[in-house]
Amino acid sequence: MESEGLLQVRQKSRYKTIEYRAREREVDANLKKQVLRTFTYGLYAVSCADAGEVNAFTANWLTQVSFDPPLLAVSVENDSKSLPMMLHSGKFTVNVYKAGERELAGLLGKSAVQHPDKMTGVACEIGANGCPILRDALAWVACEVRHTAPAGDSTLLVAEVVDVGMIGEGKPLTMAEAGFRHAG
Ligand SMILES: Cc1cc2nc3c(=O)[nH]c(=O)nc-3n(C[C@H](O)[C@H](O)[C@H](O)COP(=O)(O)O)c2cc1C
């Protein structure tokens, strides 16, 4: 049973009431940041194509969410250039950064609105879905958007894996290796 601000969960055959602190002002801001930054993440370049244009941005808010069908979820900033492109075309490609690709991840982590030339000089090929595949990626996953949900300042996209490829060898880049922060 749920009511506003309260989440009741069954535990050991009785109900326990847990205060559900969802509002920013009710949570200690520094502690929230500290705790959310203990999460571990990978780093990916999400590429997209729409109306004759291509783009790619670095993302860590990305994970597999289903085996069958194979689904991924990615949260995309509402004020990004990429979100309307992904929603309109209904597709995108996840490029897995290779270990050591911190500089490329930092470059594509910039806003295309503020850095319209960020893709210039980035070696890519265009995949069958029209989205860029980075030549220096470890692997890529072509996705088709199946569901969307509002997620605060971002939008959550749940997408089906429709094609995949391995490009390189080695290990994937992690947030821990890159030393970037994008949580909290
Ligand atoms: C380490 C790192 C992780 C990021 N993770 C995400 C993410 O998961 N989702 C997202 O929308 N933007 C993320 N960003 C910001 C984007 O890379 C980018 O700056 C922004 O979304 C706008 O991209 P665009 O305008 O090129 O579409 C991240 C940036 C960095 C540096």
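Atoms within each ligand, like the ligands themselves, are counted from 1 in listed order. Excluded from the calculations below are hydrogen atoms, water molecules and symmetry mates; all remaining heavy atoms, backbone and side chain alike, are included.
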For atom 3 (C) of ligand 1, find the nearest protein heavy atom and state the residue, atom name and distance (0.1 Å precision).
N60 OD1, 3.3 Å
Flag N55 as yes when one of its N or O atoms lies below 3.5 Å from any N or O atom of ligand 1, and as no otherwise.
yes
Of the non-hydrogen atoms in P84 and S80, which two are nearest, and what is the gap between them?
CD-O, 3.5 Å
By number and element, which atoms of ligand 1 are closer than 4.0 Å to a non-hydrogen atom of K118?
23 (O), 24 (P), 26 (O)
Based purely on interatomic distance, does V76 place a nitrogen or oxygen under 3.5 Å from a nitrogen or oxygen of ligand 1?
no
Starting from atom 21 (O) of ligand 1, find the nearest protein heavy-atom neighbour and note its residue, name and distance.
E77 OE1, 3.4 Å
Looking only at non-hydrogen atoms, the one of Y41, Y44, W61, F57 nearest atom 23 (O) of ligand 1 is F57
Just to be sure I read this right, does ligand 1 sit under 4.0 Å from the backbone of H182, its side chain, both, or neither, counting only heavy atoms?
side chain
Any side-chain donor-acceptor pair under 3.5 Å between S154 and N78?
no
Between K32 and G184, is there a donor-acceptor pair closer than 3.5 Å when you use the side chain of the first and the backbone of the second?
yes
Closest non-hydrogen contact found for T58 with G109 is OG1-N, 3.3 Å
For S75, state whether at least one heavy atom is located under 4.0 Å from any atom of ligand 1.
yes
Would you compute the distance between atom OH of Y44 and atom CG of L62 and round it to the nearest 0.5 angstrom?
6.0 Å
Quick note on ligand 1: atoms under 4.0 Å from a heavy atom of K81 include exactly 24 (P), 25 (O), 27 (O)
Counting from 1 in the order shown, the ligand 1 atoms closer than 4.0 Å to a non-hydrogen atom of A112 are 24 (P), 25 (O), 26 (O)
Does ligand 1 come near enough to F180 that some N or O of the ligand is less than 3.5 Å from an N or O of the residue?
no
Check contact between L108 and ligand 1, using heavy atoms of the residue and a distance below 4.0 angstrom.
yes
Closest heavy-atom pair and its distance - L72, C143
CD1-SG, 3.8 Å
How far apart are the closest heavy atoms of I167 and R135, and which atoms are they?
CG2-O, 3.7 Å
Considering only non-hydrogen protein atoms, determine which one is nearest to atom 19 (O) of ligand 1 and report residue, atom name and distance to 0.1 Å.
G109 O, 2.7 Å
For R37, does the CZ atom have more than 12 heavy-atom neighbours from other residues, nucleotides or ligands under 6.0 Å away?
yes
shortest atom 22 (C) of ligand 1-to-protein heavy-atom contact is with S80 CB, 3.7 Å
Using a 4.5 Å cut-off on heavy atoms from C-beta on, say whether the side chain of T148 contacts that of L87.
yes
E144/K91 ion pair, N-O < 4.0 Å:
no
Counting heavy atoms only, which of V46, T155, T58, N78 is nearest atom 4 (C) of ligand 1?
T58
For atom 27 (O) of ligand 1, what is the nearest protein heavy atom, given as residue, atom name and distance?
S82 OG, 2.6 Å
Proximity flag H115 to ligand 1, non-hydrogen atoms under 4.0 Å
no
With a cut-off of 6.0 Å (strictly less than), are more than 12 heavy atoms of other residues, nucleotides or ligands near NE2 of H88?
no
